[in-house]
There are 2 protein chains.
Amino acid sequence: MATLKQVAAHAEVSVQTVSNALNAPHRLRADTLERVNKSIELLNYRPNRNARSLRTSAVELIGYCVPNWPNQTHLVMDQFLHALCAAAERTGRHILLFTAPPGVDGMPTYDDLHARRLVDGFVLSQTETHDPRHGWLKEQGIPFVSFGRVWKQTTQPGPWVDVDGAAGSALAVRHLYETGRRRIAFLGWPKASGLAEDRAGGWRDECKRLGLPISGLSVRCREDSLDEGARVTAALLDAGREIDGIVALSDVLALGALRELTRRGLTAGHQVGVTGFDDSPLADVVSPGLTSLRQPMDEIAGELIKILTGAPDGTPTERLLQPELVIRGSSAPG
Amino acid sequence: MATLKQVAAHAEVSVQTVSNALNAPHRLRADTLERVNKSIELLNYRPNRNARSLRTSAVELIGYCVPNWPNQTHLVMDQFLHALCAAAERTGRHILLFTAPPGVDGMPTYDDLHARRLVDGFVLSQTETHDPRHGWLKEQGIPFVSFGRVWKQTTQPGPWVDVDGAAGSALAVRHLYETGRRRIAFLGWPKASGLAEDRAGGWRDECKRLGLPISGLSVRCREDSLDEGARVTAALLDAGREIDGIVALSDVLALGALRELTRRGLTAGHQVGVTGFDDSPLADVVSPGLTSLRQPMDEIAGELIKILTGAPDGTPTERLLQPELVIRGSSAPG
DNA sequence: CTGAAAGCGCTTACAG
DNA sequence: CTGAAAGCGCTTACAG
């Protein structure tokens, strides 16, 4: 491997000039620049990143904790990681993956990675209600940005990017309404998580706005599973709610609803319109396909990187992005 | 941040001694070691990784190209990444994620990451038939290990770890046989990929061994989609093949088969036993669940890291691991 | 516009 | 067992 010194010798300039050619080319006279660049190319020179990082104390690496929740598979993680990676690379940075215990037990790992200068900062995701990581990192002065809000806190520590769940539900309700549905149920999650409340609120408000009934049409599932989605759908139908639309809080729940409809000889997208959330690979697995709310991954990733790497310190930044309804057969006009 | 120098001053030893306390503690006298360690703890010292890497020219980072194939979602990628990360961390290393164009167009990216010392080497996955990356990397002398074989080459460049697809199919056939099935079909893939041939071969051989028919029972799908799995299953049934078992090359294809069976009023796991490959999250999405062949992710990851970081140069290493059959309702005794 | 010098924080032979 | 010195490959003020 060629070094800066060798390039300098070859181009008959000082190392400083070569460094400038790379990092501040405008400082060089045109002919010098050209000569240096020729030498760089000829020697196939690539700056050693470790030397640079040591000097500048910036590693241009962003830490991301790869989640491991067997009970809640992150079905769009590959999409998210690809988008995050691509966004980081657009600024000359990369993503460093690591594992850590959940919650506060994982903080020493975050701290260590930062202290040993393996990363400049972190992107947090899989945010939980009362997530302790944000406050901890902020207190330590470790740079981070969160994908997802920490709910149930008056003011969230640090910057975040999230997708507007309420607007998503409203979009789904409006779409079902426009395809002729008038009794639209909502399938929610177990305990009152912030995310669930957000999406439920959007359903409720939009139904009210459209003059649709909501009483008895919102149900909570015990867990995010297909079986629960099916069970709850069965309960709604058995109770004689006469529903003709279902907005489910997740694709998994929505698929459960579809299964129950099929089992009863009802055609999803015909008698009952169904929508899910996140536009996971599951949405394309059923037939007809599941209408679902897509998270704008590229935009999310772009904002995360921009905030983490660009925002001047102390500027709390918050970005709420809009989901997009991907329409498939499960919500075809009835 | 405390530096080595400050720790040395605090412990009243030379920097060299502190370095030894960290990297070769056996060289220190017990009391010196203890004194140094106390100072390290007191000053909350963490060695700067960039300085270390600059000196040793090892970054302890392993590159992994995050795939982006919308048409072939990597359904177990999160499992793989978690296992890979954990295995790397057990050796003090981490995973660096990056994106690159597919095929030979991506090689400059690999080269650049290595030349600029962002990574020591690479883990390749999503290996394709005739994958050009292996030969290229080997030629450049860039360390790598492949998860998955490059088929159609007499001798594959570089070390690899893979899962025995033939053994997997054989396991599935034997299981279906043991639950009473005697006419077991195989759902394969479009063109003759090495992976597809491998798995098809296992089905064929095991059927022959058990004295089961194979003629007309092996079909190729045009793509890895649910619809194709369903279409091909319908064709088999319409042709009066009287099948009572289906070994599918992927979970997606298997799910298609299940859908078609359900559509015809047949109960999977009752009249027809069905198995898939990879034990993706999809396997748990259907009801009854899909029996599928699980790849031993932790073992795969462990071997990959061991080969990449431990093998002395020039030792070509090849590891073929065994999949495990995860039995669910789709293959319950008929 | 260009260059000589110092220094980022470590590790590695080499002496003692 | 411990220490003084050199050096990994860059960048950053600072002079000229």
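Every chain is numbered from 1, with letters handed out A, B, ... down the list of sequences.
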Item to check | From D/dT11, D/dG3, C/dG3, nucleotide with atom closest to A/R55 side chain | outcome: D/dT11

Checklist outcome for this item: Looking only at C/dG3, D/dC10, C/dG9, the nucleotide nearest the A/N48 side chain is D/dC10

Checklist entry - With a 6.0 Å cut-off on ring centres, are A/Y64 and A/F147 close enough? => result no

Checklist entry - To the nearest Å, how far apart are A/L4 CG and D/dC8 P? => result 13 Å

Checklist entry - Does B/Y110 have its ring centroid less than 6.0 Å away from the ring centroid of B/F122? => result yes

Item to check | Nucleotide opposite D/dA4 in a Watson-Crick or G-U pair, distances under 3.5 Å | outcome: none

Checklist entry - Looking only at side-chain N and O atoms, does B/T32 come under 4.0 Å of OP1 or OP2 in D/dT2? => result yes

Checklist entry - Does A/S14 put a side-chain nitrogen or oxygen below 4.0 Å from OP1 or OP2 of C/dA4? => result no

Checklist entry - Atom CD of B/E12 to atom P of D/dC1: distance rounded to whole Å? => result 21 Å

Item to check | Residue pair B/L118, B/V59: steps toward the side-chain contact (heavy atoms from CB on, under 4.5 Å) verdict | outcome: CA-CA 7 Å; B/L118 272 97; B/V59 283; over 6 Å; no

Next on the checklist: With no hydrogens and no angle check, just 3.5 Å: does a side-chain donor-acceptor pair link A/H134 and A/S146?
Outcome noted: yes

Item to check | Earlier contact from the 5' end, DNA chain D, for B/L28 and B/A51 | outcome: B/L28

Checklist entry - Is A/R29 near enough to C/dT2 that one of its side-chain N or O atoms lies under 4.0 angstrom from OP1 or OP2? => result yes

Checklist entry - Nearest-Å distance, CG (A/L22) to P (D/dT11)? => result 7 Å

Item to check | G-U wobble or Watson-Crick pairing nucleotide for C/dA13 (cut-off 3.5 Å, both distances) | outcome: none

Checklist outcome for this item: Here the distance between atom C1' of D/dC10 and atom CD1 of A/I40, to the nearest Å, is 13 Å

Next on the checklist: If you only use heavy atoms from C-beta on, which nucleotide in C/dT2, D/dG9, D/dT11 is closest to the side chain of A/L54?
Outcome noted: D/dG9

Checklist entry - For A/N20 and D/dT12, what is the distance between atoms CG and P respectively, to the nearest whole Å? => result 9 Å

Item to check | Short side-chain N/O contact to C/dC10 OP1/OP2 from B/N50, under 4.0 Å | outcome: no

Checklist entry - Roughly, in whole Å, what's the span from CZ in B/R27 to C1' in C/dA13? => result 10 Å

Checklist entry - For residues A/N44 and A/R46, is any side-chain donor paired with an opposing acceptor at under 3.5 Å? => result yes

Item to check | Interatomic distance where CD belongs to A/Q16 and P belongs to C/dT2 [whole Å] | outcome: 11 Å

Item to check | Candidates C/dT12, D/dG9, D/dT11 - which lies nearest the side chain of B/T56 | outcome: C/dT12

Item to check | Side-chain N or O of B/T17 closer than 4.0 Å to phosphate OP1/OP2 of D/dG3 | outcome: yes

Checklist outcome for this item: Atom CE of B/M1 and atom C1' of C/dC10 are separated, to the nearest Å, by 13 Å

